[in-house]
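Just the heavy atoms: all of them, side chains too, but no hydrogens, waters or symmetry mates, feed the values below. Not measured: the values here are computed from a predicted model.
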Amino acid sequence: MTTSETGNKPRKMHADQADIDEALVRRLIDGQFPQWSGLPLELVDSPGTVNALYRLGDAMVVRLPLRAGSDEEVESEFAWLPRLAGQLPVPIPAPLAKGAPAEGYAWPWSVYRWLDGTTPAAGAVGKPLELAADLAGFITALRRIDTAGAPHCGRGGPLGPRDEATRTALGRLTDVIDTEAAATVWQQALDAPGYDGPDRWMHGDLQPGNLLVEDGRLAAVIDFGLVGIGDPTVDLITAWYVLPAEARPAFRSAVGADEASWVRGRGLALSIALLELSYYRETNPRMAATARHVIGEVLADSETSSDA
């Protein structure tokens, strides 16, 4: 992660977004964790849309939900990250402290250990085959973890409930993308056989902004707000969000995705990207650019598959 050079407030993306700035975060730290008073504090340059991130000193990061509802993710991460950490091949966030609402800020917030690395650019990674193997290794390890008592992932179910929102997003993007081709790919995903295996753990959002790389290899996975169990197909979205086309076959083989899973995963990547582009095209240029890239990769991949 890197710190921001553009100011001390996160970009405005939501109508109901909390008003957060460095002064507020400083007051929260000083009031609840005085042992960290005086440490440098700087906004992190993140494409994320759920939390504001501030680096605290050299070894910590403060995360504050931007809107109501996402504060529930704080509880989930504090409960489950320590249990998952020792069973995964790369570092994940380590919760250090949970803050309470105060100073006019309405929700729980948190402090985590800082993890080094940079977020990869979508489809433009330095060592695609090595990163494909790393991502498959992470997903495979996560799926092997015992699911007893685990929460359900909101993206870990059938695709049908996403249909209305996906088609609404398509209707808003008729002047931006090839919506006819996108609708065909989405319908293919809906028509694919559903998942009939046991519930498995999944991260739920393996996008570039939630990965850290060093020297082209996976260095850490962050932002586990959606972590849970169910149909683990959603973690396949990283094939289109992160990897270039030439690395996808190796990733698919390493993660053991059958045809139905691959088609559903491609459809999920498309659906998520359509909703992101529709919502963030004016308010988050980095997120919108990533979504455009994903949509292009999915449509090209589908066309190639049809020609095979």
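In this structure, Arg155 pairs ionically with Asp205, as a charged nitrogen and a carboxylate oxygen lie closer than 4.0 Å. Look at Glu276 and Arg292 and you find no salt bridge, because none of the NZ, NE, NH1 or NH2 atoms lies under 4.0 Å from a carboxylate O. A salt bridge is defined here as a Lys NZ or Arg NE, NH1 or NH2 lying under 4.0 Å from an Asp or Glu carboxylate O, and Glu42 with Arg55 fails to meet this definition. Between Asp215 and Lys127 a salt bridge is recorded (basic side-chain N to carboxylate O distance below 4.0 Å).
Between the side chains of Ser37 and Asp30, at least one donor N or O lies within less than 3.5 Å of an accepting N or O. Residues Gln188 and Arg264 bring no donor and acceptor atom of their side chains to less than 3.5 Å of each other. Inspection of the Ser261 and Asp258 side chains reveals an N or O donor paired with an N or O acceptor under 3.5 Å. A donor atom on one side chain and an acceptor atom on the other are not found under 3.5 Å apart for Asp21 and Asn8. In the model, Tyr280 has a side-chain atom that pairs as donor or acceptor with a side-chain atom of Thr49 under 3.5 Å.
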Verdict with supporting geometry, Glu103 and Arg27, salt bridge (charged side-chain N to carboxylate O under 4.0 Å, His left out): CA-CA 7 Å; Glu103 301 291 340; Arg27 293 196 302 273; 3.2 Å; yes

Test log, rule side-chain contact (heavy atoms from CB on, under 4.5 Å), inputs Leu211 and Gln207: CA-CA 7 Å; Leu211 306 176; Gln207 299 198 29; over 6 Å; no

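When the salt bridge (Lys or Arg N to Asp or Glu O under 4.0 Å) test is applied to Arg63, the partners found at least two apart in sequence or on another chain are Glu77, Asp223. Partners of Pro47 under the side-chain contact (heavy atoms from CB on, under 4.5 Å) rule, at least two apart in sequence or in another chain, are Arg286.
The distance from the CG atom of Leu274 to the CH2 atom of Trp186 is 9.0 Å, given to the nearest 0.5 Å.
The aromatic rings of Tyr105 and Trp107 stand perpendicular to each other, their planes meeting at an angle above 60°, with 30° marking the opposite boundary.
The neighbour count for Asp58 CG, taken as heavy atoms of other residues, nucleotides or ligands under 6.0 Å away, does not exceed 12. Shown here is Glu180, whose CD atom has no more than 12 heavy atoms of other residues, nucleotides or ligands within 6.0 Å.
The list of ring pair (Phe, Tyr, Trp, His ring centres under 6.0 Å) pairs with a residue in residues 203-231, not counting sequence neighbours, reads His203-Phe224.
Cluster membership for Met202 and Leu226, using ILVMFWY side-chain heavy atoms within less than 4.5 angstrom, is not shared.
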